[in-house]
Amino acid sequence: MRVVRGLSGVVVGGTVVLAATVLGAGILGARRGFPGPGAGVIAWHIAAAVLAVGVQVYADRRRTWGATLVGAVIVLATVSALLWTQWWD
């Protein structure tokens with residue numbers, strides 16, 4: 001189960017970095033007067049990152065098969081939904 005927790009942890013880390021990048025692009029765009037991601041896009045990225053981190057922390061602390069598998073599925077579903085709705089529309 002260590003591999004599953006590790007894989008979902010890497011996905012969560014990437015989601016946090018992506019959310020920070022989108023937030024930075026929004027701030028930079030607002031300061032320099034060029035279009036960037038809107039408030040809705042930034043909010044979705046931050047919400048997905050917070051949810052993914054919360055689920056990952058829960059799964060890491062429980063250390064049971066069920067918590068690890070359900071946590072990994074929720075993390076992957078959340079990140080997949082984020083990428084599908086915000087990047088491939």
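- Residue G26 comes nearest to I42 through the heavy atom pair CA-CD1, 4.0 Å, listed as atom of the first residue, atom of the second, then distance.
- The hydrophobic cluster containing V12 also contains W87, counting ILVMFWY residues as joined when their side-chain heavy atoms lie under 4.5 angstrom apart, directly or transitively.
- Once rounded to the nearest 0.5 Å, the distance linking CZ of R5 with OG1 of T68 reads 5.0 Å.
- Atom CG of L18 is separated from atom CD1 of I46 by 11.0 Å, given to the nearest 0.5 angstrom.
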(message) Set out, in order, the CA-CA distance, both residues' side-chain angles and the distance that settles side chain to side chain contact (heavy atoms under 4.5 Å, CB included) for V11 and Q56, then state yes or no.
(response) CA-CA 10 Å; V11 170; Q56 183 68 30; over 6 Å; no
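- R62 meets the side chain to side chain contact (heavy atoms under 4.5 Å, CB included) test with Y58, T64, A67; sequence neighbours excluded.
- Considering OG of S8 and CG of D60, their distance stands at 6.5 Å, rounded to 0.5 Å.
- Not one N or O on the side chain of Q86 forms a donor-acceptor pair closer than 3.5 Å with the backbone of A81.
- Under a hydrophobic clustering in which Ile, Leu, Val, Met, Phe, Trp and Tyr are joined whenever their side-chain heavy atoms come within less than 4.5 Å, directly or via other members, V55 and L83 fall into the same cluster.
- V57 and L51 end up in the same hydrophobic cluster when Ile, Leu, Val, Met, Phe, Trp and Tyr side chains are linked at under 4.5 Å.
- Under the rule for a side chain to side chain contact (heavy atoms under 4.5 Å, CB included), the partners of A48 that lie at least two apart in sequence or sit in another chain are T78, L82.
- Hydrophobic cluster membership differs between M1 and V73, with clusters built from Ile, Leu, Val, Met, Phe, Trp and Tyr side chains linked at under 4.5 angstrom.
- Connection of V53 to L76 is established within a shared hydrophobic cluster, with ILVMFWY side chains joined at heavy-atom distances below 4.5 Å, either directly or through further cluster members.
- Residues in residues 32-44 take part in no side-chain hydrogen bond (donor to acceptor under 3.5 Å, both in side chains) pair, two or more places apart or across chains.
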